[in-house]
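A short write-up of the structure that comes next.
Residue numbering restarts at 1 for every chain, and letters A, B, ... go by the order of the sequence lines.
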Amino acid sequence: MVLKIYNTLTRRKEEFIPLKEGEVGMYVCGPTVYNYIHIGNARPFITFEVVRRFLKFKGYKVKYIQNLTDIDDKMINKAKELKITVLELAEKFIQEYFIDADSLNIEKADIHPRATEHIKEIIELIKGLEEKGYAYEIDGDVFFDVSKFKGYGKLSGQNIEELKEGARVEVDERKKESIDFALWKRMKEGEPSWESPWGKGRPGWHIECSAMSMKYLGKSFDIHTGGSDLIFPHHENEIAQSEAYTNQQFVRYWMHNGYLCLNNQKMSKSLGNIMKVRDISQKYKGEIIRYFILSAHYRSPLNFNEEQLQQAESSLQRLNNTIFNVKHLLKQGKFRKSKDKNDKVILEKRKENEQKFIEAMDDDFNTPVALSWLFSFAREVNIYLNFPSTKNKEVLEKILKFYQELAGEILGIMKVFDQEESFEQEIKKLIEGREEARKKRNWVESDQIRDKLKEKGILLEDTPEGVRWKKR
RNA sequence: GGCGGCAUCGCCAAGUGGUAAGGCAGAGGACUGCAAAUCCUUCAUCCUCGGUUCGAAUCCGAGUGCCGCCUCCA
């Protein structure tokens, strides 16, 4: 089966063919570390991490780079506000970022390069552009000359003339054209700066991603991703800088996710309508938040509200119940060696559902459809479990493996083998006491014990194979 | 002004020409001492109006509503 990816550059779904067979180079625009991330920031991080996980599942060796922007206007302003250095600010929020990412089961990238640690590469790049005539310096500022780069606007579908007319920002009068953008910014009093051929200063925003992505992935690489708001100008400018410099295609597949909205408005720090990951994760597990994000296709807009999270929790509960019930049977330890018709049927269903799941993911990472096959299989498993017969151990394990691989390793929405319920002695005793009472048909006492356990967050379920208990 | 997206059951959300996946919530039933979990049954004709077609949620046109980018922004 072939993987198809929607490429912003061509506005079409295309078959994914990596530059080098079996290997994928991927660059993800990461956070600017001046504050806690919000759930809107988390959307691309989760989405594209799933892309990475799925590529790995398909057997690709993936090199995954996510940058940390640790120098720009926002960093400088925030540091001033807090009366600390930009470096101190960066250190703090890089740590906080990883705490949040961890709470969302987001695995670390292979490399998390920081802009301030790549000043040398950035200067090199700007120097090259200047030599080739794509950049010009004015009083210590260096700008990219957009008019020199043919193809400017190919990613965002803008044409240069329209952009010039549409410019609504106050324009730096020294620039040749309003759409020229800064590669290097002259130092201002009290701001961090680095030595350069143009005097002291700091890099512009777009140049860091060009410098770092090419350093780690090569002049031309496979996948570059980010939120849709980065298409213009950020990624458009990255293309211009990089391709002007190397004379070859910068990125083959551009992927952009839709916005996450709050009350149908784009969640953004400047609007102030944000929900911090830190706050949400106090109340909802990472798996639930991931489920919520993955329940819509990544390119669609997604509206955030708490009801959605609660629905996600209930939905996920259904899947967890199923694997929980399978694990209960495994713990009972009574198995049959041979396989009967039911065993064969469920193994067949397992294969079918796995294929459907992969098919959905192959179709531009259609996670909502992929999820539906997880539910479809859960129903089959529940029917299988309901059938009154001793089960085959290998079959039960294969069912768990299905969820471990697809829901666990690829989507990161379940922890199949991770829920080690420590069997506290006290609980065990209470359950035994209740069994005694039930044998005597003393329902009042047995219900009291069950209620008592419920208060402790332990739920009891009576089954033909004995009492089953779980937390929450 | 330029470029782009969205509108499908109470809620979420797939489906891009062949007669509406899945989940949450709801209703009825089975199982249970009662529950829980589970199973079975049930639950929409796709914003409006025109058009193309044997056939459209899906294509075209015109509307309506909402959102985004063009400026820092995931």
Side-chain angles (χ1 to χ4, degrees), chain A residues 8 11 28-32 37-48 72-74 77 153 156-159 161-171 179 205 225-234 236 256-261 263-271 274 291-292 295-297 299-303 305 307-319 321-322 324-325 328 356 360 363 366-376 378-379 381-387 438 441-444 446-447 450-451 454 459-464 467-470:
Chain A
T8 307
R11 290 153 207 252
V28 182
C29 278
T32 302
I37 61 164
H38 60 71
I39 185 76
N41 297 319
R43 188 176 186 190
F45 301 156
I46 290 171
T47 299
F48 299 122
D72 80 336
D73 290 348
K74 283 169 300 183
N77 293 338
S156 55
Q158 306 281 342
N159 81 56
E161 294 311 312
E162 293 293 350
L163 283 171
K164 285 178 191 166
E165 285 168 21
R168 301 192 315 220
V169 234
E170 42 179 304
V171 175
I179 50 174
W205 173 37
T225 73
S228 317
D229 45 1
L230 296 183
I231 296 172
F232 193 91
H234 187 53
E236 194 69 64
H256 294 95
N257 62 277
Y259 299 114
L260 196 133
C261 302
N263 299 323
N264 285 318
Q265 277 205 314
K266 180 186 164 191
M267 188 178 287
S268 77
K269 285 168 186 157
S270 39
L271 282 172
I274 62 165
Y291 181 98
F292 161 68
S295 69
H297 185 85
R299 284 189 280 115
S300 307
L302 177 59
N303 206 26
N305 63 56
E307 194 191 343
Q308 261 24 287
L309 282 178
Q310 277 162 5
Q311 287 187 10
E313 187 168 24
S314 303
S315 304
L316 214 40
Q317 190 60 245
R318 180 175 167 79
L319 298 178
N321 282 339
T322 296
F324 172 79
N325 294 345
H328 176 249
K356 294 283 192 184
D363 183 18
N366 196 333
T367 51
V369 171
L371 285 171
S372 78
W373 296 109
L374 260 30
F375 286 100
S376 158
R379 168 161 276 120
V381 172
N382 291 332
I383 291 169
Y384 169 77
L385 294 180
N386 277 348
F387 197 82
R438 289 183 75 221
R441 306 194 144 259
N442 185 345
W443 308 126
V444 177
S446 81
D447 283 356
R450 184 166 61 189
D451 289 344
K454 194 176 175 185
L459 301 181
L460 297 189
E461 298 173 353
D462 298 325
T463 79
V467 190
R468 206 155 62 182
W469 68 275
K470 62 183 163 193

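Within the 4.0 angstrom heavy-atom criterion, only backbone atoms of the sugar-phosphate kind lie near A:H297; the bases stay farther away. Across all strands shown, A:L371 has no heavy atoms under 4.0 Å from either base or sugar-phosphate atoms. As judged by a 4.0 angstrom heavy-atom cut-off over every strand, A:D462 is placed among the base-contacting residues. Note on A:L260: a base of the nucleic acid sits closer than 4.0 angstrom, heavy atoms only. Counting any heavy atom pair closer than 4.0 Å across all strands shown, A:K266 reaches a base atom. A:N303 comes within 4.0 angstrom of nothing in the nucleic acid, heavy atoms only. A:T322 comes within 4.0 angstrom of no nucleic acid atom, judged by non-hydrogen atoms across all strands. As judged by a 4.0 angstrom heavy-atom cut-off over every strand, A:G40 is placed among the base-contacting residues. Across all strands, A:T463 comes closer than 4.0 Å to no nucleic acid atom at all (heavy-atom distances). When heavy atoms are screened at a 4.0 angstrom cut-off, A:G258 is found touching base atoms of the nucleic acid. At the heavy-atom level, A:Q158 lies under 4.0 Å from base atoms of the strands shown. Among the protein residues, A:Y259 comes within range of the nucleic acid bases, having at least one heavy atom under 4.0 Å from a base atom. Contacts of A:S268 with the nucleic acid, taken as non-hydrogen atoms under 4.0 Å apart, include base atoms. Contacts of A:L460 with the nucleic acid, taken as non-hydrogen atoms under 4.0 Å apart, include base atoms.
The side chain of A:V369 approaches B:A21 more closely than any other nucleotide in the set B:A74, B:A21, B:A13. For A:N41, the listed nucleotide lying nearest its side chain is B:A74; candidates were B:A74, B:C11, B:A37. Across B:C39, B:C12, B:A74, the shortest atom-to-atom separation from the side chain of A:L230 is found for B:A74. Of the candidate nucleotides B:C6, B:C24, B:A21, B:C24 has the atom nearest to the side chain of A:Q311. Side-chain proximity of A:E461 to B:C72, B:U38, B:A37: nearest is B:A37.
Distance CG (A:N257) to C1' (B:G4): 15 Å, rounded to an integer number of Å. Atom CG of A:D229 and atom C1' of B:A74 are 5 Å apart (whole Å). Look at CD on A:Q317: it is 14 Å from P on B:A36, rounded to the nearest Å. Here B:C72 presents its C1' atom at 12 Å from NE2 of A:H38, a figure rounded to the nearest Å. Between the CG atom of A:L374 and the P atom of B:A14 there is a distance of 16 Å, given to the nearest Å. Summarising the geometry, the separation between CG on A:L302 and C1' on B:C11 is reported as 13 Å, rounded to the nearest angstrom. Across the protein-nucleic acid pair, A:L163 atom CG and B:C3 atom P stand 11 Å apart, rounded to whole Å. The separation between A:H328 atom NE2 and B:A37 atom P is 15 Å, rounded to whole Å.
Listed for the A:S228 side chain is a donor-acceptor partner under 3.5 Å among the backbone atoms of A:N257. With A:S376 contributing its side chain and A:S372 its backbone, the two residues share no donor-acceptor pair below 3.5 Å.
When both distances must be under 3.5 Å, the Watson-Crick or G-U wobble mate of B:C34 does not exist. Across all strands shown, B:C69 forms a Watson-Crick or G-U wobble pair, both distances under 3.5 Å, with B:G2. Base-pair partner of B:A27: B:U41 (Watson-Crick or G-U wobble, both distances under 3.5 Å). Both distances falling under 3.5 Å, in either a Watson-Crick or a G-U wobble arrangement, occur for no nucleotide opposite B:G55. When both distances must be under 3.5 Å, the Watson-Crick or G-U wobble mate of B:C46 does not exist. Across every strand in view, B:U16 sits unpaired, with no contact that passes the Watson-Crick or G-U test at under 3.5 angstrom. In this structure B:U64 sits in a base pair with B:A7, meeting the Watson-Crick or G-U test at under 3.5 Å.
Smallest separation of non-hydrogen atoms from A:N303 and A:C261: OD1-O, 3.2 Å. The two residues A:F324 and A:W469 make their nearest non-hydrogen contact at CZ-O, 3.0 Å. Among all heavy-atom pairs drawn from A:S156 and A:F232, the shortest one is OG-CD1, 3.3 Å.
Results of the side-chain contact (heavy atoms from CB on, under 4.5 Å) test with A:Y259 over A:K266, A:Q265, A:R43 single out A:K266 as the only residue that passes. For the side-chain hydrogen bond (donor to acceptor under 3.5 Å, both in side chains) with A:R468, the qualifying choice from A:N325, A:T463, A:D462 is A:N325, the only one to do so.
Sequence order on RNA chain B of the closest nucleotides to A:S315 and A:S295 puts A:S295 first from the 5' end. Nucleotides of RNA chain B nearest to A:G227 and A:R299 differ in position, and the one nearer the 5' end is that of A:R299.
For A:N386 and B:C31, the shortest distance from a side-chain N or O to OP1 or OP2 is not below 4.0 Å. OP1 or OP2 of B:A14 sits under 4.0 Å from a side-chain N or O of A:S300. At B:G15, one or more side-chain N or O atoms of A:N366 fall inside 4.0 Å of OP1 or OP2 (strictly under the cut-off). A:R379 has a side-chain polar atom (N or O) that falls below the 4.0 Å cut-off from OP1 or OP2 of B:C40. The side chain of A:R318 contributes an N or O atom lying less than 4.0 Å from OP1 or OP2 of B:C39. An OP1 or OP2 oxygen of B:C66 is reached within less than 4.0 angstrom by no side-chain nitrogen or oxygen of A:N264.
For A:R450 against B:C34, a side-chain N or O and a base N or O form a donor-acceptor pair under 3.5 Å. Put simply, the side chain of A:R438 and the base of B:G33 share a donor and an acceptor less than 3.5 Å apart. For B:G33, the base has a donor-acceptor partner in the side chain of A:D447 [N/O atoms by modelled type, under 3.5 angstrom]. At a cut-off of 3.5 angstrom, counting only N and O atoms as typed in the model, there is no donor on one side facing an acceptor on the other between the side-chain of A:N263 and the base of B:C66. Side-chain atoms of A:Q265 stay outside donor-acceptor range of the base of B:C67, with no qualifying N/O pair under 3.5 Å.
Aromatic stacking of A:F375 on B:G22: not satisfied for centres closer than 5.5 Å together with planes under 30 degrees.
The line from CG of A:N264 to CG of A:N305 is 9.5 Å long, rounded to the nearest 0.5 Å.
Within a 6.0 Å radius of NZ in A:K356, no more than 12 heavy atoms belonging to other residues, nucleotides or ligands are found.
The same atom, C1', is picked in B:C54 and in B:C69; the two are 43 Å apart, to the nearest Å.
Taking the charged nitrogens against the carboxylate oxygens, A:R450 and A:D447 do have a contact shorter than 4.0 Å, which makes a salt bridge.
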